[in-house]
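Proteins get letters first, then strands, A, B, ... in listed order; numbering begins at 1 in each.
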2 protein chains.
Amino acid sequence: MQRNTIQRKAIQQVFDDCEHPLSPKEVLHKAQITVPNLGLATVYRTLNGFIDEGILTSVDVPGEAQRYERAGKHHHHHFNCRLCGRMFEMEGCPDDLAALVPKGFHMEDHELYIYGHCKQCAGA
Amino acid sequence: MQRNTIQRKAIQQVFDDCEHPLSPKEVLHKAQITVPNLGLATVYRTLNGFIDEGILTSVDVPGEAQRYERAGKHHHHHFNCRLCGRMFEMEGCPDDLAALVPKGFHMEDHELYIYGHCKQCAGA
DNA sequence: TTTTTAATGACAATGCGTTATCATTAGTGC
DNA sequence: GCACTAATGATAACGCATTGTCATTAAAAA
């Protein structure tokens with residue numbers, strides 16, 4: 001039987017309040033605001049549970065640890081700010097990807113990462 | 001003083017003979033054909049040396065270990081085969097990337113990964 | 001409220017990529 | 001060929017993210 005613990009609710013809330021992908025440690029720190037003695041193991045257990053339930057999906061970032069975000073969002077890609085390290089979402093995706101795929105190859109998925117400066121950092 | 005050892009030459013040769021990015025282990029196995037008792041530590045040392053000399057660049061793959069390829073190549077992206085795990089190069093890149101970047105954001109770089117089945121795996 | 005047992009928290013343990021150590025080997029200049 | 005010393009190979013050690021262990025806690029059912 002699935003129990004609705006305060007830890008589980010707190011972690012759920014973190015993702016409801018946040019639009020961008022979070023690392024397990026970010027989740028831990030944000031959830032610890034409401035559940036101070038939350039443990040990292042619980043975060044991992046809960047994240048994996050949410051993945052299995054289809055509530056979350058994982059985001060693989062090149063050269064970084066796994067991040068997580070709410071599942072079922074519209075197809076999107078990520079913008080990584082080199083100055084503040086935050087990750088933002090971008091709507092849509094390039095429409096001429098198929099043209100890049102070599103003949104005979106079969107494309108299933110794609111991931112696109114854009115790096116640069118976010119609005120706040122670029123505008124300073 | 002820099003010494004031109006057979007290990008170094010073998011590793012150099014591996015990259016000269018290979019068009020796609022290689023993981024340290026792949027480098028080890030390929031170089032061991034010519035230098036059978038080559039050690040993994042030497043591969044890492046040599047890879048880092050080549051990076052410093054500008055002979056190689058590293059390729060960050062989401063969720064995988066670092067790979068390496070010859071530096072100074074034409075701009076390209078990578079295709080990752082989900083069946084055999086090999087990585088291939090694709091010429092060119094999407095030309096409407098700037099349209100995705102949110103207003104006020106500044107784009108510096110981008111990385112694109114396409115996942116699927118390579119020619120051999122898809123054709124079987 | 002009491003019982004049951006899933007979930008938690010603290011921390012040990014694992015896995016994997018990478019780096020450090022150090023005695024030994026082998027380029028390089030003489 | 002010889003001396004010098006950078007590079008090697010074997011392996012231990014490290015860093016880090018992630019998972020396992022287990023006594024304890026607290027949801028949920030009775």
- Query: Between A:Q7 and C:dG9, is there a side-chain N or O to OP1/OP2 distance below 4.0 Å?
  - Reply: yes
- Task: Quickly work out the B:K25 NZ to C:dC16 P distance and round it to whole Å.
- Result: 8 Å
- Look at the side chain of A:T46 and decide which nucleotide, out of D:dG9, C:dT8, D:dA17, has an atom nearest to it. C:dT8
- Item | Side-chain-base donor-acceptor pair under 3.5 Å for B:R8 and C:dG27 | no
- Respond yes when some side-chain nitrogen or oxygen of A:T5 is under 4.0 Å from OP1 or OP2 of C:dT8, and no when none is. yes
- Message: I'd like to know if A:R3 reaches the base of C:dT5 with its side chain such that a donor and an acceptor end up less than 3.5 angstrom apart.
- Response: yes
- Query: Would A:L47 and A:I55 show up in the same hydrophobic cluster when neighbours are defined by side-chain heavy atoms closer than 4.5 Å?
  - Reply: yes
- Taking the six-membered ring for Trp, are A:H106 and B:H117 parallel (under 30°), tilted (30 to 60°) or perpendicular (over 60°)? tilted
- Between B:R67 and B:D60, is there a side-chain N and carboxylate O pair less than 4.0 Å apart? no
- Distance check: side-chain N/O of B:Q2 vs OP1/OP2 of D:dA7, anything under 4.0 Å? yes
- Rounded distance (Å) that lies between atom P of C:dG15 and atom CD of B:E64: 20 Å
- Item | Spacing of B:N4 atom CG relative to D:dT5 atom P, expressed in whole Å | 20 Å
- Quick one: does A:R45 reach the base of C:dG9 with a side-chain donor-acceptor pair under 3.5 Å? yes
- Query: To the nearest Å, how far apart are B:L38 CG and D:dT8 P?
  - Reply: 8 Å
- Query: Distance check: side-chain N/O of B:N37 vs OP1/OP2 of D:dT8, anything under 4.0 Å?
  - Reply: no
- Item | Between A:H77 and B:H110, ring centroids under 6.0 Å | no
- Message: Suppose we call two aromatic rings close when their centres sit under 6.0 Å apart. Are A:F105 and B:F88 close by that rule?
- Response: yes
- Query: OP1, OP2 of C:dT19 versus side-chain N and O of B:Y44: anything below 4.0 Å?
  - Reply: no
- Task: Please report, rounded to the nearest Å, how far the C1' atom of D:dC16 is from the CD atom of B:Q66.
- Result: 15 Å
- Expressed in angstrom and rounded to an integer, what is the separation of B:L40 atom CG from D:dA13 atom P? 18 Å
- Message: If I take atom CD1 in residue B:I6 and atom P in nucleotide C:dT28, what distance separates them, rounded to the nearest angstrom?
- Response: 12 Å
- Task: Provide, to the nearest angstrom, the distance between the CD atom belonging to B:Q32 and the C1' atom belonging to D:dT8.
- Result: 13 Å
